[in-house]
Protein chains: 2
Amino acid sequence: MMRIGELAGRTDVSVRALRYYEEQGLLTSERSPSGQRHYAESAVDRVRLVQQLYAAGLSSKVITELLPCVVEGDATPELLERLAAERDRIDGKVAELLDVRSRLDSVITGATTNLLTGRPCRNEAAPETAPGD
Amino acid sequence: MMRIGELAGRTDVSVRALRYYEEQGLLTSERSPSGQRHYAESAVDRVRLVQQLYAAGLSSKVITELLPCVVEGDATPELLERLAAERDRIDGKVAELLDVRSRLDSVITGATTNLLTGRPCRNEAAPETAPGD
DNA sequence: CTTGCCCCTGACGTCAGTGTGAGGTTTTAG
DNA sequence: CTAAAACCTCACACTGACGTCAGGGGCAAG
């Protein structure tokens, strides 16, 4: 049974954040008689899962609703729809990210080529007859 | 030369957001003598680009720094590093998203199977001898 | 000239996730 | 036993990307 500081250290999540997760119902703890939080090993995974869901853009409210069934591996048809919706949202996000990624990448490739071919940064001496603007 | 309302309509971005973008240096406008903003056609693309970068998790500050070179297709070596760093960050994010996605997906598949095989939601009558907890 | 719609500039509100400090208790190390 | 470190509960502060309201102008139509 670890205390909150250890859990924080292991998960790289601040103590404050852990308490916040509990407040939001995303994480539970047993309390010692004196009121200190104690966590089982499984809490480490739980926190990581929560972080992942956060990173995926789910709000704490949505996570609260979906977490039980993600953990239990069980769901009502209603929850299934929500899960599927989130999955689709994530798919969309991935596509968007890949799009930007390729855009950035082509800029990088282009600019690198410019640098390698000895052309310095154009914005230093560009005349006003820029064709693209 | 369209005004801000039209640009908002075309880009599906609120008028407020457009003014905010300008405030952040992400979008420029010419002003009529009376102070009203006027935009060229190119502003539509610009706004879309900004939206994409926002969606990719870049802050307005970072976008401000990178936008010129993304638009001009040119960059200093320093900026190139930043671009590459952002690209890598995006790659990481994509990986993370795919990870969560697969996790959700397996939950969905599993729960669907449960439903199809007639097993109702376990949380209704689960005894305390749950093996996974 | 007035009605109506779009525009302007502040400036405060919101929401999430967390930082931070006050003021107090508990646990641990020596 | 005592001091330090870790913990507790409020509770206010902050950032970002806007929403929203207040109070005031610009401009075409009737």
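Order of the sequence lines fixes the chain letters, A, B, ..., with proteins taken first and strands second; residue numbering starts at 1 for each chain.
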When the distance from [atom1] of [X] to [atom2] of [N] is rounded to whole Å, what number comes out?
| X | N | atom1 | atom2 | result |
| --- | --- | --- | --- | --- |
| B:His38 | D:dG26 | NE2 | P | 13 Å |
| B:Arg16 | D:dA22 | CZ | P | 16 Å |
| B:Leu26 | D:dG16 | CG | P | 13 Å |
| B:Gln24 | D:dG16 | CD | C1' | 9 Å |
| A:Glu6 | D:dA6 | CD | C1' | 12 Å |

Taking the side chain as everything from C-beta on, heavy atoms only, tell me whether [X] gets closer than 4.5 Å to [Y].
| X | Y | answer |
| --- | --- | --- |
| B:Tyr39 | B:Val47 | no |
| B:Leu67 | B:Leu53 | yes |
| B:Arg46 | B:Val71 | yes |
| B:Val94 | B:Leu98 | yes |

With nearest nucleotides of DNA chain C determined for A:Ala17 and A:Pro33 from heavy-atom distances, which residue corresponds to the more 5′ nucleotide?
->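 So the residue in question is A:Ala17.
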Identify, between A:Val15 and A:Ser34, the residue whose nearest nucleotide on DNA chain C lies closer to the 5' end.
->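 It is A:Val15 whose nearest nucleotide is closer to the 5' end.
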Over 12 non-hydrogen atoms of neighbours within 6.0 angstrom of CD in A:Glu30 |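 Atom CD in A:Glu30 is not packed in, count stays at 12 or less.
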Flag if over 12 foreign heavy atoms under 6.0 Å of CD, A:Glu6 |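 Check passes, neighbour count above 12.
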Under 3.5 Å, is there a donor-acceptor pair between the side chain of B:Arg101 and the main chain of A:Ala56?
->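 Looks like no, no N/O pair under 3.5 Å.
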Which two nucleotides bound the region of DNA chain C that has atoms under 4.0 Å from heavy atoms of chain A, read 5' to 3'?
->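 Range of nucleotides within reach of chain A: C:dA16 to C:dT27.
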Is A:Arg19 touching bases, backbone alone, or none of the nucleic acid, heavy atoms closer than 4.0 Å?
->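 Answer is base: heavy atoms of A:Arg19 come under 4.0 Å of a base.
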NA contact type, B:Ser60, heavy-atom cut-off 4.0 Å: base, sugar-phosphate, or nothing?
->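 Sugar-phosphate: the residue B:Ser60, judged by heavy atoms under 4.0 Å, touches backbone atoms but no base.
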Does B:Tyr20 or B:Ser32 map to a spot on DNA chain D nearer the 5' end, using the closest nucleotide for each?
->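 Going by which nucleotide is closer to the 5' end, it is B:Tyr20.
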Comparing A:Arg37 and B:Leu58 on DNA chain D - which has the more 5′ nearest nucleotide =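 With A:Arg37 and B:Leu58 compared, the 5'-side residue is A:Arg37.
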From the list D:dC12, D:dG16, D:dC8, which nucleotide is the closest neighbour of the side chain of A:Gln36?
->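 Looking only at heavy atoms from C-beta outward on A:Gln36, the closest nucleotide is D:dC8.
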Reckon A:Arg31 has a side-chain N or O less than 4.0 Å from the OP1 or OP2 of D:dT9?
->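 It does, given that an N or O in the side chain of A:Arg31 lies less than 4.0 Å from OP1 or OP2 of D:dT9.
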